[in-house]
Amino acid sequence: MATAEVFEFESHPGRTLSLLLFTDVTNSRELNTLLRAGKLDPELALLNAALVPGTLPVLLAAQKALTLQSRKGLITKTLHSELVYSYSGSKHITESLKRCGINDEMTYILVARFDATQAELNAARQLIKGTQVNLLNLALKYSKELITKFYKVTPAELHVSTLEEAIICRIGARDAL
Amino acid sequence: MGSAGRDGVDQDVGSGGGEGRNAEEGVDVEEGCGRRGGFLSKWEEDGGRRPNLRRREWAARDGTGWWIRMWDRDSLGEPVRAVDQRSSFTSEITMGEASAIPVAAMEHHETMEKEEEPRLHDGDGGTKAMAMAQAAAGSSAAAATTEEDPLAKLKGAMISQGAEARVFGAQLLKRAIVIKERFTKRYRHPTLDGKLTTRRLAGEARSMIKARKLGVRTPVLFGVDVEARSLLLEFVEGTSVKDLLLLAAAPPTTEEDGGDEGDAAAIAAKKKKEKEKQELIGDLSQQIGETVAKIHDGGLVHGDLTTSNMIIRGRDGKLVMIDFGLSFNSTIAEDKAVDLYVLERAFISLHSKLGDVFGLVLAAYKKSSKNWCSVLNKFAAVRLRGRKRVMIG
């Protein structure tokens with residue numbers, strides 16, 4: 001069983017983000033229902049892993065969510081939904097959650113939790129019926145078509161930038177657009 | 001006092017006599033007041049004015065189309081903020097309404113002015129308007145201290161300072177970044193200043209993204225922090241084109257000249273150096289021309305094209321464009337021509353020792369741009385007249 005990777009934030013010392021990557025997930029419908037009812041225990045951020053080419057964009061979205069929490073207050077209901085919303089680089093909440101979050105048929109999911117304890121991570125592993133894999137798979141299994149379509153990445157941009165950088169720019173600039 | 005200096009302003013106000021009225025009736029206004037131009041240019045021009053004058057006022061256009069009242073300088077020569085009743089009008093004006101409001105606001109102000117005059121000279125928070133302005137400034141300052149905490153933790157040493165912002169080094173998510181923090185300009189009304197800074201910040205971020213979409217290399221944007229008036233950008237490892245060209249132009253060191261000048265080895269070494277220099281210049285000008293062509297073809301004007309705003313990345317030798325703070329969207333050839341003109345002036349003032357580098361840049365621009373013909377035609381005209389349009393008519 002692969003271990004979760006835990007990341008820290010220079011701007012928010014003491015807070016951490018744990019990431020778990022799952023393939024061949026079978027119960028995404030169930031997870032979606034629980035999520036919408038607000039009964040997901042422990043509270044998790046569920047991302048469509050095909051949109052994630054690396055960890056940096058996710059970390060940036062998490063950092064934005066944390067900053068927002070310590071300042072004005074969250075735009076969405078919970079910190080974890082804020083992460084999913086921030087990941088889209090769009091201001092439209094429902095659309096962002098729909099696109100970056102999971103749907104009923106999804107089999108490739110990235111799970112994130114803030115300040116997770118081992119017990120919570122184990123509970124998460126129990127909750128999600130799939131195979132946990134190493135985060136390095138992110139660089140292999142992302143969908144270039146989906147990312148370029150969703151984030152509107154032009155071919156000219158890909159000449160000078162990686163997909164990760166393109167996503168990061170959009171996440172970062174959301175407040176200015 | 002004819003209307004010579006007021007054409008630009010009149011057109012914007014829309015109602016012909018508005019500006020003239022302000023200038024001529026009842027208010028002791030100096031020659032040339034109210035004409036187009038930023039507040040700053042007026043101050044600079046008036047460098048020779050005596051302090052302690054009876055307060056003069058005029059409506060100045062702060063480059064964004066806002067009408068603001070500027071009071072004279074106080075006895076120390078410091079511009080005193082406009083904190084009259086009229087300020088409350090400007091704070092309610094949105095950009096689109098700017099042309100409609102000023103006349104009415106100015107009228108109102110004229111009547112208010114008499115009462116305000118003695119109170120303002122108190123220098124304390126006596127007046128309602130002043131208290132209001134101070135409260136606004138106070139609350140924003142208080143908010144800033146608590147809200148700035150996440151960002152303040154990141155901030156490292158200051159790297160440089162420009163006219164609009166300071167640049168700090170920092171680390172975010174284990175990457176080297178740069179925090180570009182815009183100043184508050186305290187001579188401006190606080191509400192105005194806030195809106196202006198936010199607008200410029202958003203504009204810079206948007207321009208950077210747009211430039212990326214056009215295939216121009218820019219630093220990666222990690223975040224925009226509106227409360228802290230900052231941009232979080234990737235730290236680009238490399239040297240600026242300006243430094244590279246200055247180094248190339250530097251005179252050869254004595255060790256190369258040492259010894260017999262007829263020495264074949266010395267001559268060969270000198271020739272090699274010369275060749276390398278020419279290659280460098282050729283490569284740089286090619287990249288510059290291509291990049292500027294891409295920017296212009298995409299309907300974007302950089303606004304501050306100088307060699308210090310271009311960095312050659314260490315890892316792949318590619319040109320990265322920075323500082324989009326003055327950029328704007330424009331498709332007209334004139335704006336692009338002015339952009340090129342600014343670049344030409346930069347080359348002439350800094351790098352004339354290296355020969356006609358700008359000519360090479362233009363050649364590369366011609367090859368890469370789709371609209372080079374109209375732009376270069378306009379460019380020839382701009383070269384003759386200078387940056388600003390002719391102010392007649």
Side-chain angles (χ1 to χ4, degrees), chain A residues 5-17 19 53-73 75 83 86-87 89-91 148 151-177, chain B residues 143-144 146-156 170-177 179 198-228 230-234 290-291 294 297-298 313 316 318-321 324:
Chain A
E5 274 196 52
V6 183
F7 300 89
E8 292 175 334
F9 301 92
E10 293 96 339
S11 53
H12 297 85
R15 307 296 298 268
T16 61
L17 185 76
L19 292 179
T55 54
L56 197 55
V58 183
L59 293 177
L60 189 67
Q63 200 255 351
K64 265 188 95 103
L66 285 173
T67 310
L68 212 56
Q69 189 186 45
S70 54
R71 286 184 182 188
K72 287 193 287 199
I75 298 175
L83 200 172
S86 298
Y87 191 74
S90 143
K91 281 198 168 137
T148 44
Y151 289 99
K152 298 196 188 65
V153 183
T154 61
E157 188 173 355
L158 284 176
H159 258 324
V160 296
S161 152
T162 65
L163 272 177
E164 263 196 68
E165 288 174 349
I167 299 179
I168 289 173
C169 282
R170 282 151 181 81
I171 295 177
R174 183 195 75 202
D175 297 326
L177 294 169
Chain B
T146 49
E147 287 166 1
E148 224 168 347
D149 282 343
L151 211 65
K153 290 196 188 73
L154 293 174
K155 238 186 244 183
Q171 219 197 30
L172 181 71
L173 303 170
K174 306 219 178 47
R175 304 271 277 237
I177 65 162
I179 298 180
T198 311
R199 209 163 150 267
R200 294 240 171 106
L201 211 57
E204 183 168 0
R206 256 180 261 147
S207 297
M208 217 172 259
I209 303 283
K210 185 172 178 184
R212 288 197 136 238
K213 286 189 173 166
L214 297 168
V216 173
R217 285 179 185 85
T218 64
V220 173
L221 181 68
F222 281 100
V224 173
D225 195 340
V226 176
E227 284 92 12
S230 313
L231 282 180
L232 299 161
L233 299 166
E234 173 193 13
E290 266 173 16
T291 310
K294 277 192 200 142
D297 282 352
R313 206 156 46 187
D316 55 0
K318 298 288 183 191
L319 187 98
V320 178
M321 211 66 190
F324 284 81

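Numbers restart at 1 for each chain; the letters A, B, ... are given by sequence-line order, proteins then strands. Values in this document were obtained by computation on a predicted structure and should not be read as measured data.
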| Check: A/Leu66 main-chain N/O paired with A/Arg15 side-chain donor or acceptor under 3.5 Å | no

| said: Please determine whether the number of non-hydrogen atoms from other residues, nucleotides or ligands lying under 6.0 Å from atom NZ of A/Lys152 exceeds 12. | reply: no

| query | In terms of heavy-atom contacts, does CZ of B/Arg175 have more than 12 from other residues, nucleotides or ligands at under 6.0 Å? | reply | no

| remark: chain B shares the most heavy-atom pairs under 4.5 Å, among A/Asp175, A/Ile171, A/Leu56, A/Val153, with A/Leu56

| remark: Most heavy-atom pairs under 4.5 Å with chain A, out of B/Lys318, B/Lys213, B/Glu204, B/Met208, belong to B/Lys213

| For B/Leu173, is it the side chain, the backbone, both, or neither that has a heavy atom closer than 4.5 Å to a heavy atom of chain A? | both

| query | Does any heavy atom of chain A fall under 4.5 Å from the side chain of B/Val216, the backbone, both, or neither of them? | reply | backbone

| remark: Residue from A/Leu60, A/Thr154, A/Leu59 scoring the most non-hydrogen pairs under 4.5 Å with chain B is A/Leu60

| message | Looking only at the side chains, is there a donor atom on one of A/Ser11 and A/Gln63 sitting less than 3.5 Å from an acceptor on the other? | response | yes

| For B/Gln171, does the CD atom have more than 12 heavy-atom neighbours from other residues, nucleotides or ligands under 6.0 Å away? | yes

